[in-house]
Chemist: 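Sharing a structure here in structure tokens format.
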Protein chains: 2
Amino acid sequence: MDVHVRDLRYFAAVAEELSFTRAAERLYVSQPALSKQIRALERQLGFPLFERRPREIALTPQGAALLPAARELAAGWAEAVRAARTAGPAESLAVGMQTAVGRELQRKVLARFRERGWRISLRLVNWEDPTAGLAGGGADAAFCWLPVPGVGAELTAKVLVREERWVALPRGHRFADRAEVAFAELLDEPFVALPRSAGPLRDFWLGTAEREGREPVVALEASSPEEVFEAVGAGLGVVLLAEGNARLYPRPDVVSVPVRGLAPSELALVWRADDDRREVAEFTAAFREAAGPAGGGDRHGGRAGQRTRQGT
Amino acid sequence: MDVHVRDLRYFAAVAEELSFTRAAERLYVSQPALSKQIRALERQLGFPLFERRPREIALTPQGAALLPAARELAAGWAEAVRAARTAGPAESLAVGMQTAVGRELQRKVLARFRERGWRISLRLVNWEDPTAGLAGGGADAAFCWLPVPGVGAELTAKVLVREERWVALPRGHRFADRAEVAFAELLDEPFVALPRSAGPLRDFWLGTAEREGREPVVALEASSPEEVFEAVGAGLGVVLLAEGNARLYPRPDVVSVPVRGLAPSELALVWRADDDRREVAEFTAAFREAAGPAGGGDRHGGRAGQRTRQGT
DNA sequence: TACGGCTATAACCGGTGGCTATGGACGTCC
DNA sequence: GGACGTCCATAGCCACCGGTTATAGCCGTA
């Protein structure tokens with residue numbers, strides 16, 4: 001019947017939450033989108049999956065019968081993809097990363113493994129997937145900014161770098177010449193946000209936790225660094241970013257300034273907790289020792305206080 | 001990894017044929033579409049599935065490892081859907097049909113089962129699916145025009161009605177007043193065709209087998225009866241149709257005439273050969289006895305020779 | 001060398017999956 | 001009892017995707 005596996009995930013989520021609204025939140029999609037997809041699935045199947053009663057919903061007998069298969073098939077496929085990857089050349093790893101390119105620590109370790117003949121394929125994954133391909137079997141390890149959903153459960157994370165959050169501003173901005181900014185001063189600024197599907201990361205880079213309930217002003221959403229800087233450079237909004245990334249992406253029309261009053265950001269190496277292949281163990285161990293016990297000295301010199309100016 | 005099951009079917013087909021061109025034919029899609037989908041799948045997975053060599057292609061080790069899982073996901077889902085349907089109310093059947101509405105035989109038998117309290121849900125399925133939902137678990141039985149791919153193997157068919165093929169013409173057409181037409185006279189007429197994805201049915205209703213290699217002129221494709229008659233009525237082309245359907249769809253601007261020199265069309269009840277549920281057995285048995293041993297006396301009186309005129 | 005078979009690319013187009021905004025039906029709370 | 005809150009469905013909109021045809025490029029063969 002040519003179903004999309006995504007719809008199976010949706011189905012399972014609604015069945016677990018027994019609520020479209022809650023399931024939609026968990027899946028990082030809007031409630032109408034979820035509603036529509038489930039209805040389409042029911043229509044395709046020819047029988048209802050849920051009984052919509054006021055105040056609550058319940059699985060129909062058919063839905064209950066189908067649920068285990070849906071879960072199992074989705075999980076089985078992800079597992080098969082991982083297994084298939086190991087059928088490729090030995091000592092090869094797929095490493096996902098979401099823009100965390102360029103930090104010294106990673107470069108060195110990756111280079112070392114490459115020299116030893118490993119085939120490390122770096123897969124640049126966009127922000128739609130907060131686990132950078134780990135959940136779906138698309139990667140064996142990933143450099144992710146925390147928080148990542150699933151860490152502590154099916155995923156294990158090792159913090160590599162802890163960096164202050166800075167803010168990127170258009171050149172002419174009234175804070176562009178400041179040595180630093182208090183986050184409280186930014187509360188009413190229009191922000192460039194990650195897409196909703198980025199999950200908790202979106203909130204993190206909007207500083208939601210530090211806003212004490214005040215809604216952020218989202219000027220627009222962007223799903224790649226280029227888009228973000230384009231938007232900031234054009235004066236459409238400002239954006240938080242890790243100190244290291246402020247250096248990494250020099251752009252003519254963008255200025256970055258440290259922000260006081262924000263918890264630091266953490267770049268971590270993440271892998272599947274139940275993945276016991278030698279390659280993964282060796283790879284992650286290399287980082288664990290390089291980063292030290294406490295998890296991540298700052299490899300980038302100059303902490304907050306000295307600011308960089310980018311542009312001509 | 002949120003794959004679409006259709007892509008897995010595509011993957012399996014290419015793996016079996018070891019040729020994009022042949023697989024595309026088998027799947028009733030164009031070769032570029034298949035090529036693109038496979039590439040997209042490989043890109044999503046992060047590893048190649050096929051090794052493209054000049055003159056032939058081969059599975060990569062990863063592809064070979066993934067193939068069984070792909071097959072299993074596709075088959076497993078269809079099976080789970082069928083199983084789930086049986087979890088619904090007992091003595092209920094999903095019956096697919098592709099425009100074969102209205103023939104006496106079916107109406108009577110369906111009514112009889114309905115009176116006995118069975119829940120027969122008729123699912124009108126479009127022509128894109130030549131098995132009317134049987135293959136994907138969307139239906140337990142279906143009224144189909146032969147040929148249906150899979151009959152003789154995983155599907156069993158019982159011919160219910162054998163009807164001459166007529167041709168529907170726009171009112172002003174030069175054959176519109178004829179008592180009958182030889183198919184040879186129609187060879188150069190522009191035809192309204194079923195979509196390519198309809199599979200063998202497309203060829204059957206274009207009369208390809210009786211053309212002796214002469215390519216049909218396809219004026220346009222239509223994927224519903226309404227579209228077909230709209231097109232014919234507008235004079236865009238002509239179309240073959242079963243004698244019964246010529247009566248069933250009276251349209252002001254369309255005239256139907258018998259055609260000599262064409263094998264008759266056969267409307268069949270089709271079900272899964274391995275489906276041994278009591279409901280299916282009882283349902284199909286009712287038709288088998290009603291239609292008689294040889295498979296389908298013509299239930300519609302008036303055979304070719306007496307023609308109907310439709311319209312004002 | 002020309003041709004034929006096969007795959008990849010380009011350009012285009014409709015349907016689908018996502019979003020926001022809003023409606024409607026219940027419970028709940030003042 | 002009425003206002004509100006909550007939850008699901010609907011409407012309208014837009015971007016992307018999966019399909020198409022046409023064509024280019026590559027290779028083996030006649």
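Quantities reported herein were computed from a predicted structural model and do not represent experimental measurements. Only heavy atoms go into these numbers, but all of them, side chains included; no hydrogens, no water, no symmetry mates. Lettering follows sequence order; numbering is per chain, from 1.
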Chemist: Should B:R82 and B:E79 count as an ion pair when the cut-off is N to O under 4.0 Å?
Modeler: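 Yes, B:R82 and B:E79 are salt-bridged.
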Chemist: To the side chain of A:T21, which of D:dT10, D:dC7, C:dT7 is closest?
Modeler: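 Closest nucleotide among those given: D:dC7.
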Chemist: Determine yes or no for a side-chain-to-main-chain donor-acceptor pair under 3.5 angstrom, with A:R9 supplying the side chain and A:L27 the backbone.
Modeler: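 Flag not set: sc A:R9 to bb A:L27 has no pair under 3.5 Å.
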Chemist: Whether A:E221 and A:R196 form a salt bridge (side-chain N of Lys/Arg under 4.0 Å from carboxylate O of Asp/Glu) is what I want to check.
Modeler: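 A:E221 and A:R196: not salt-bridged.
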Chemist: Rounded to whole Å, please give me the gap between CD1 in B:I38 and P in D:dG19.
Modeler: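 Rounded to the whole Å, the gap is 11 Å.
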Chemist: Round to the nearest Å and state the distance from A:E51 atom CD to D:dC8 atom P.
Modeler: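 Rounded to whole Å, this separation is 14 Å.
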Chemist: Main chain of A:L187, side chain of A:R211: is a donor-acceptor contact present, judged purely on distance under 3.5 Å?
Modeler: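 Answer holds: yes.
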Chemist: Whole-Å distance between D:dG18 P and B:D2 CG?
Modeler: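 Computing the B:D2:CG to D:dG18:P distance gives 12 Å.
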Chemist: Find the distance B:Q44:CD to D:dG18:C1' and express it as a whole number of Å.
Modeler: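 Atom CD in B:Q44 sits about 14 Å away from atom C1' in D:dG18.
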Chemist: Would you mind reading off the distance between B:R39 atom CZ and C:dT9 atom C1', rounded to a whole angstrom?
Modeler: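 Spelled out: CZ on B:R39 to C1' on C:dT9 is 10 Å.
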Chemist: Between P on D:dT10 and CZ on A:R52, what's the gap in Å once rounded to a whole number?
Modeler: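 Rounded to the whole Å, the gap is 9 Å.
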Chemist: Without decimals, in angstroms, what is the distance between B:F50 CZ and C:dC6 C1'?
Modeler: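 Spelled out: CZ on B:F50 to C1' on C:dC6 is 15 Å.
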Chemist: Looking at B:Q62 and B:G46, would you say the former's side chain and the latter's main chain have a donor-acceptor pair under 3.5 Å?
Modeler: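 Pair absent, no side-chain N/O of B:Q62 close to backbone of B:G46.
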Chemist: Roughly, in whole Å, what's the span from CG in A:L18 to C1' in D:dT6?
Modeler: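 One finds 17 Å between C1' of D:dT6 and CG of A:L18, rounded.
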Chemist: I'd like to know if A:R53 pairs up with A:E56 as an ion pair, taking the criterion as any Lys NZ or Arg NE/NH1/NH2 lying under 4.0 Å from an Asp or Glu carboxylate oxygen.
Modeler: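 Between A:E56 and A:R53 there is no salt bridge, as every charged N stays at least 4.0 Å from the carboxylate O atoms.
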Chemist: Could you list all N or O pairs between the protein and nucleotides 18-25 of chain C that sit under 3.5 Å apart?
Modeler:
| residue | atom | partner | partner atom | Å |
| --- | --- | --- | --- | --- |
| C:dG18 | OP1 | A:Y10 | OH | 3.0 |
| C:dG18 | O6 | A:K36 | NZ | 2.8 |
| C:dC19 | OP1 | A:S30 | N | 3.4 |
| C:dC19 | OP2 | A:S30 | N | 2.8 |
| C:dC19 | OP2 | A:S30 | OG | 2.6 |
| C:dT20 | OP1 | A:R196 | NH2 | 3.4 |
| C:dT20 | OP2 | A:R196 | NH2 | 3.1 |

